[in-house]
Amino acid sequence: MTEKELITTTIDRYTELQQIKKANGGHENQMLDYFIRVTIVKLTSLGVNVEDITLE
């Protein structure tokens, strides 16, 4: 897997996790929050600015 493919796959995962969180309707889910934080760290380490792709 190239770095570009890794970035694309990780962005896809991040957006999916955000959609799940939004669909959760404000219910607390510590595991989901953890996965989101870890994915943010991965994207940041790959040079991706997550602020540009964060769901409001």
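It should be emphasised that the depicted structure is a prediction, and the values quoted were computed from it without experimental measurement.
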field: Those residues that, when tested against L32, pass side-chain contact (heavy atoms from CB on, under 4.5 Å) (two or more places apart)
entry: L17, I20, K21, N24, N29, I36
query: Does any pair with a residue in residues 35-51 pass salt bridge (Lys or Arg N to Asp or Glu O under 4.0 Å), and if so which ones, sequence neighbours excluded?
result: none
message: Test: salt bridge (Lys or Arg N to Asp or Glu O under 4.0 Å). Region: residues 1-11. Which pairs qualify, not counting sequence neighbours?
response: none
- request: Please round to the nearest 0.5 Å and tell me the distance separating atom OG1 of T10 and atom CD1 of I40.
  value: 12.5 Å
- prompt: Roughly how far, to the nearest 0.5 Å, is CG of L6 from CE of M1?
  reply: 6.0 Å
task: Scan V38, L43, T9 and name whichever one has a side chain to side chain contact (heavy atoms under 4.5 Å, CB included) with Y14.
output: L43
query: Hey, what do you get for CD1 (I7) to OG (S45), rounding to the nearest 0.5 Å?
result: 9.0 Å
message: In the structure I gave you, are the side-chain heavy atoms of V48 and I53 within less than 4.5 Å of one another anywhere?
response: yes
message: Would a single hydrophobic cluster contain both V50 and L46, if residues Ile, Leu, Val, Met, Phe, Trp and Tyr are joined by side-chain heavy-atom contacts under 4.5 Å?
response: yes
